[in-house]
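Read through the structure below, which is laid out as structure tokens, and then see the notes.
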Amino acid sequence: MTAYKVPLRDMRFLMNEVFDYPAHYQSLPNGEDASPAVVDAILDAAAVYCEEVLAPLNTSGDQEGCHFANGEVSTPRGFKEAYAQFVEGGWQGLSFPAEYGGQALPMSLNLLKSEMMGAANWAFNMYPGLSIGCINTILQFGTDEIKRQYLPKLVAGEWTGTMCLTEPQCGSDLAQVKTLAQPQADGRYLIRGTKIFISSGEHDLTENIVHIVLARLPDAPPGTRGISLFIVPKFLLGSEGGLGLRNAVHCGSIEHKMGIAANATAVLNFEDASAWLIGQPHKGLEAMFTFMNTARIGTAIQGVAHAERSFQGALSYARERRSMRALSGKKEPDQVADALLWHPDVRRMLMTQKAIAEGGRSMIYGAAQLADRMFDAAWSGDKVKHAQFDSELGFYTPILKGFLTEMGLEAANLGVQVYGGHGYIREHGMEQIVRDARIATLYEGTTGIQALDLLGRKVLQGTRGQCIRDFTAKMWSLARPVMFTRGPLGAMGRSLARRALQWNLLTLRLMWKARRDREQVGSASVDYLMYSGYVMMAYFWALQAMRAKALLDSGKGAESSDFYTVKIQTAEFYFQRLLPRADAHARAALADAGALMQIKGDSFSSV
Ligand SMILES: Cc1cc2nc3c(=O)[nH]c(=O)nc-3n(C[C@H](O)[C@H](O)[C@H](O)COP(=O)(O)OP(=O)(O)OC[C@H]3O[C@@H](n4cnc5c(N)ncnc54)[C@H](O)[C@@H]3O)c2cc1C
């Protein structure tokens, strides 16, 4: 596989020249320390760690996988050492409070670091990655004692955390959770049940693992309202703050998976394991959903990471591999044939990958600023502001998670295609990217579940279309100054204005249709999500193109004129070649649910 290079130029362009992160950080109470010099140093150091330590373990980790024997899991060669370096570098504590040993920097830095680590080695990234949800949950809902006991080790990275939701009978439908928590006289609970598919649920990287577990109290009402949240350490805590007895939670096996082979996906058996309640009884799902937006954006990043990694591999191959002559005549006459890069169809694939990676990255960088504001409100106890930013982020989340993971998979598949048959062969690593990327559309809520969340909960029920009106107002503001001008930016402005109108009309029409036929929401939802993704990405591409043009004209940008020109040209490609797909999704979303629902269940197949 070609060596991974962190796209620092693009990252800095977004941070400094598109989204003005320096000003954003200065507006945050915990942003003072995130000066441009500090942020630069963090990006550089993270890039070195990712390129030199994590990326070289990506192929070997995939080939070797994790091994399970006698309840213990061993991670692939090199992972322990790489994890030790991660801990030593203080990377886990980047965005967590100083009182628990963190560096108290804004949460966005954690998200941005995650793209680099994920592109270098997604399976590795998941070990510290799952801890983030665990730490956030304890920070927000844990008692002072629980915080004191667990956070310093988790924030240091000396222990890792998990999120245990899924059970054999349910993943999307957590109303069916059966794991039981029996209260004890001493304030503990005993947890009994089986959780499956638990990422990083067992491994040899740290001495302890802290599980956050969804379970029911004996008097719990049925459904999602009867679920509580518990903390269950693998090793109980000893009296002196060290490790005590082994808790009754054991790994029964690990899954043999299509991809992310180096991350252990564990079956965990809780056999009256000692547990402590986190937050209010029966309010566990609500508590878990407090940080669901950021966890899901973390998965959206996986789409971007795989698109970038696959693009880098495909581009280098397309420059080296030669095949036939360009349609417009020989481009490299002294060579036996022209490079793949000269063929329009290969360019279509490469440009699609580039547009997905850079367009997706800009969507993440935009949303990450909202995440900073939401966390700031959460830690300072400002419930009103927290709700406001959470709701705004809540609109972006299903679009980012659903759309970017689907697009990341498309980009990864195109990477294989650019390599031709060689893409299908293990040696070049392109097929690994497809296998690793495939999970992203499934976990943290499948694309189908994201789509229902977007159209059903957020757009129709939650805001009656207000979230669309708010976002399309931004599209209008961006479009207005340029839409009557000539050239590519004018065309983008007019297209954005038309899409703003179309998105609102589509939403209204679906609202009316859903009143007449309740199946319409489910039948339209994935097309609506994909439509929304294409249009939202168009906004972020136009934003990048406009900033690039302004910097090109003023000559005040930090980048070369070639960089800005290519930005505008990639945006043009996006508007001309990818955005039109939105029309097909809009038409499909508006089709009656009848054609989906009319075949009787037992007539589906003639076999
Ligand atoms: C590698 C891996 C790692 C994972 N890591 C974790 C983890 O760390 N912690 C954890 O708790 N879980 C984890 N999971 C579980 C993951 O989150 C679930 O697999 C996922 O949420 C889907 O649930 P399910 O597999 O039960 O599928 P189901 O819920 O049975 O869904 C099957 C299909 O039906 C669709 N569907 C279901 N209900 C509806 C509906 N009402 N309307 C329309 N469509 C519907 C879904 O979209 C999907 O296409 C992991 C899974 C894997 C494979």
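Values below: every heavy atom of this structure, side chains too, minus hydrogens, waters and symmetry copies. Whatever order the structure lists ligands and atoms in, that order sets their numbers, starting from 1. No experiment lies behind these values; they were computed from the predicted model shown.
- Remark: ligand 1 and Thr166 share an N or O pair separated by less than 3.5 Å (distance only, no angle test).
- The residue among Leu165, Asn263, Leu214, Leu268 with a heavy atom at the shortest distance from atom 11 (O) of ligand 1 is Leu165.
- Note: an N/O pair closer than 3.5 Å links Met163 and ligand 1 by distance alone.
- At least one donor-acceptor pair closer than 3.5 Å links the side chain of Asp436 to the backbone N or O of Ile260.
- Counting only non-hydrogen atoms, the option in Ile449, Val521, Ile439 that gets closest to atom 2 (C) of ligand 1 is Ile439.
- Glu115 places no side-chain N or O within donor-acceptor distance of the main-chain N or O of Arg361, the cut-off being under 3.5 Å.
- Closest to atom 46 (C) of ligand 1, if we only count protein heavy atoms, is Thr446 OG1, 3.6 Å.
- If you check which protein heavy atom lies closest to atom 37 (C) of ligand 1, you get Ser172 OG, 4.0 Å.
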Residue pair Glu202, Lys234: steps toward the salt bridge (Lys or Arg N to Asp or Glu O under 4.0 Å) verdict: CA-CA 9 Å; Glu202 180 61 41; Lys234 175 176 163 184; 2.7 Å; yes
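- Nearest heavy-atom pair across Cys251 and Val73 is SG-CG2, 4.2 Å.
- For ligand 1, the atoms sitting less than 4.0 Å from at least one non-hydrogen atom of Leu452 are 42 (N), 43 (C), numbered in the order shown with element in parentheses.
- In terms of the side chain to side chain donor-acceptor pair (under 3.5 Å) criterion, Ser525 has no residue partners (sequence neighbours excluded).
- Of the possible donor and acceptor atoms, none in the side chain of Gln302 sits under 3.5 Å from a partner among the backbone N and O of Trp122.
- The presence of a protein heavy atom under 4.0 Å from atom 30 (O) of ligand 1 is ruled out.
- Only the side chain of Thr265 comes within 4.0 Å of ligand 1, counting heavy atoms alone; its backbone N, CA, C and O stay farther away.
- For Asn293 (side chain) and Thr397 (main-chain N/O), no donor-acceptor pair under 3.5 Å exists by modelled atom type.
- Backbone and side-chain nitrogen or oxygen atoms of Phe197 are examined, and one is located within less than 3.5 angstrom of a nitrogen or oxygen of ligand 1.
- Taking the ring axis of Phe270 as reference, the NZ or CZ atom of Arg192 does not stay both within 45° of it and closer than 6.0 Å to the ring centre.
- Within the 4.0 Å cut-off (strictly below), no protein heavy atom is located near atom 44 (N) of ligand 1.
- Distance remark: protein heavy atom not present below 4.0 angstrom from atom 33 (C) of ligand 1.
- Side-chain rings of Tyr127 and Tyr83 stay apart, their centers remaining 6.0 Å or farther from each other.
- In this structure, atom 24 (P) of ligand 1 lies nearest to the protein heavy atom Gly171 CA, 3.9 Å.
- Remark: ligand 1 atoms within the under-4.0 Å shell around heavy atoms of Lys257 are 1 (C).
- A side chain to side chain donor-acceptor pair (under 3.5 Å) check over residues 214-232, counting only residues at least two apart or in different chains, returns nothing.
- Shown here, atom 20 (C) of ligand 1 is in close reach of the protein: a heavy atom of it lies under 4.0 Å off.
- Protein heavy atom closest to atom 3 (C) of ligand 1, with residue, atom name and distance, is Ser199 OG, 3.3 Å.
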